Amino acid sequence: MKYLILLHSNPTSWKHPMFLHQGTELSQEEQDARMAEFGALMEEISNSGELVDGQPLADPVLGKTIRTRDGELAVTDGPFADSKEQMAGYFVVDCDSIDRAVEIASRFPDTRDGVAEVRPIMDQSGSEM
């Protein structure tokens with residue numbers, strides 16, 4: 001089953017990788033440790049065949065929000081959510097269970113200062129839900 005892991009971070013100092021820029025200054029030693037953790041996780045899920053795709057996203061101010069209400073299209077700059085956290089990137093994993101997807105998501109260094117969300121990806125029939 002495929003799962004989408006959404007990483008949410010505070011875009012105050014939006015950079016990649018987000019877990020190095022969460023509004024708190026990390027020592028070079030801590031930055032290196034987090035990068036090593038991230039690298040080990042990527043290697044593990046790549047080698048196991050569980051990693052399908054993953055990408056960081058650009059700064060939210062570069063995005064557009066699109067709404068259609070009563071037949072009227074409204075396009076505004078950025079995703080102005082009522083939250084300090086915005087989606088920073090995503091990973092698609094293919095694993096045996098949501099428990100495994102949650103375990104993978106919990107190992108992203110981003111979860112220390114941000115949030116990871118795991119969502120099952122439905123196939124065209126939606127019958128697996």
Side-chain angles (χ1 to χ4, degrees):
M1 174 101 192
K2 289 183 182 167
Y3 297 91
L4 179 64
I5 298 172
L6 301 167
L7 299 176
H8 300 270
S9 297
N10 186 329
T12 302
S13 55
W14 203 265
K15 295 180 184 177
H16 176 73
M18 280 306 299
F19 59 79
L20 297 180
H21 308 280
Q22 290 294 323
T24 58
E25 290 297 319
L26 297 176
S27 69
Q28 188 62 50
E29 184 177 292
E30 181 62 20
Q31 290 181 34
D32 293 344
R34 288 188 184 195
M35 284 301 295
E37 278 181 62
F38 179 74
L41 177 59
M42 291 297 97
E43 183 175 351
E44 177 188 323
I45 63 178
S46 292
N47 291 342
S48 70
E50 293 171 304
L51 179 62
V52 175
D53 190 17
Q55 296 295 325
L57 299 178
D59 191 313
V61 300
L62 300 174
K64 302 286 184 186
T65 298
I66 296 92
R67 292 178 176 84
T68 304
R69 300 293 186 269
D70 299 320
E72 295 293 320
L73 177 64
V75 179
T76 57
D77 291 336
F80 298 109
D82 292 331
S83 171
K84 290 182 180 179
E85 294 169 340
Q86 301 286 337
M87 192 164 80
Y90 71 91
F91 291 86
V92 176
V93 294
D94 190 352
C95 40
D96 293 332
S97 69
I98 195 166
D99 291 335
R100 173 62 178 151
V102 167
E103 192 271 326
I104 291 169
S106 73
R107 292 175 53 202
F108 281 95
D110 306 73
T111 61
R112 291 193 191 118
D113 304 301
V115 174
E117 178 183 352
V118 175
R119 303 272 304 270
I121 298 174
M122 294 173 51
D123 68 13
Q124 294 299 330
S125 69
S127 61
E128 72 281 0
M129 298 297 134

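Note that the structure is a prediction, hence the values are computed from the model and not measured.
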| Between Met1 and Ile121, what is the shortest heavy-atom contact and its length? | CE-O, 3.7 Å

| note | Here the pair of heavy atoms bringing Thr111 nearest to Ala105 is CG2-O, 3.4 Å

Test of understanding: with side-chain contact (heavy atoms from CB on, under 4.5 Å), list the residues that count as partners of [X], not counting sequence neighbours.
X	result
Thr68	Leu73
Ser106	none
Ala101	Tyr3, Val93, Cys95, Val118

Residues in side-chain hydrogen bond (donor to acceptor under 3.5 Å, both in side chains) with [X], at least two apart?
X	answer
Glu37	Arg112
Tyr90	Asp53
Arg69	none
Gln28	Asp32

Nearest-0.5 Å distance that lies between atom [atom1] in [X] and atom [atom2] in [Y]:
X	Y	atom1	atom2	result
Glu117	Leu7	CD	CG	10.0 Å
Thr76	Lys64	OG1	NZ	8.0 Å
Leu57	Met87	CG	CE	4.5 Å
Ile5	Ile45	CD1	CD1	6.5 Å

| said: Please determine whether residues Phe108 and Val115 belong to a single hydrophobic cluster, defined as Ile, Leu, Val, Met, Phe, Trp and Tyr linked transitively by side-chain heavy-atom distances below 4.5 Å. | reply: no

| Partners passing salt bridge (charged side-chain N to carboxylate O under 4.0 Å, His left out) against Arg107 (at least two apart in sequence or in another chain) |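 With sequence neighbours excluded, Arg107 shows a salt bridge (charged side-chain N to carboxylate O under 4.0 Å, His left out) to Glu44, Glu103, given in chain and number order.
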
| field | Test side chain to side chain contact (heavy atoms under 4.5 Å, CB included) applied to Phe91 and Met42, step by step | value | CA-CA 10 Å; Phe91 291 86; Met42 291 297 97; 3.6 Å; yes

| Over 12 foreign heavy atoms within 6.0 Å of CG, Asn47 | yes

